[in-house]
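Owing to the predicted nature of the structure, the values given are computational and were not obtained by experimental measurement.
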Amino acid sequence: MAGQTERSHAALANLRTLCDSMVPGRYELEVIDAAEHPDAASEERILATPTVVRLAPLPQRRVIGDLSDHGRTAAALGLPVPGTSPSERR
């Protein structure tokens, strides 16, 4: 995130909702404010905000935006889709 913007708050709320519904209790979020911690953002190569970086399981994945399209966000982050087997999600 970059500051306390409406878009950043929306992205965090959308991400929490998505994770709570798809992987309840099996995720950890760390929020880094790019405006307050520019070195950390630079180290992670964050060029646009808000950006979500999924670190595990590998491969690392990134999604930029307010994350309002939960289906696209879930697919981009490689989150499980209810009712599908792991081989069907690839």
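- Summarising the geometry of Ala40 relative to Ile32, their closest heavy-atom pair is CB-CG2, 3.9 Å, with the distance given to 0.1 Å.
- Side-chain contact between Leu12 and Arg16: present, with at least one pair of heavy atoms (C-beta onward) separated by less than 4.5 Å.
- Taking every heavy atom of both residues into account, Leu67 and Ala11 meet most closely at CD1-O, 3.6 Å.
- In Gln60, the CD atom is crowded: over 12 heavy atoms of neighbouring residues, nucleotides or ligands sit closer than 6.0 Å.
- Taken together through direct or relayed side-chain contacts under 4.5 Å among Ile, Leu, Val, Met, Phe, Trp and Tyr, Val52 and Val31 form part of one hydrophobic cluster.
- When all heavy atoms of Met22 and Ala74 are compared, the closest pair comes out as SD-CB, 3.6 Å.
- At least one side-chain heavy atom of Glu44 sits under 4.5 Å from a side-chain heavy atom of Arg62.
- Looking at Leu77 and Leu15, their side chains come closer than 4.5 Å, going by heavy atoms from C-beta outward.
- Both Val23 and Val63 sit in one connected hydrophobic cluster of ILVMFWY residues. Membership requires side-chain heavy atoms under 4.5 Å apart, directly or through other members.
- Under the 4.5 Å side-chain heavy-atom criterion for Ile, Leu, Val, Met, Phe, Trp and Tyr, Ile46 and Leu55 are members of the same hydrophobic cluster.
- Here the OG atom belonging to Ser68 is positioned 9.0 Å from the CZ atom belonging to Arg7, to the nearest 0.5 angstrom.
- Note: the hydrophobic cluster containing Leu79 does not contain Leu58 (ILVMFWY, side chain heavy atoms under 4.5 Å, direct or indirect links).
- Here the side chains of Cys19 and Arg26 are not in contact, with every heavy-atom distance at 4.5 Å or above.
- At distances below 3.5 Å, not a single donor-acceptor pair connects side-chain atoms of Ser42 with backbone N or O atoms of Pro38.
- For Arg72, the CZ atom is loosely surrounded, since the number of other residues' heavy atoms within 6.0 Å does not exceed 12.
- Side chain of Asp66 to main chain of Ser8: no donor-acceptor pair is present (N/O by atom type, distance under 3.5 Å, no hydrogens or angles).
- With sequence neighbours left out, Ile64 forms a side-chain contact (heavy atoms from CB on, under 4.5 Å) with Ala48, Thr51.
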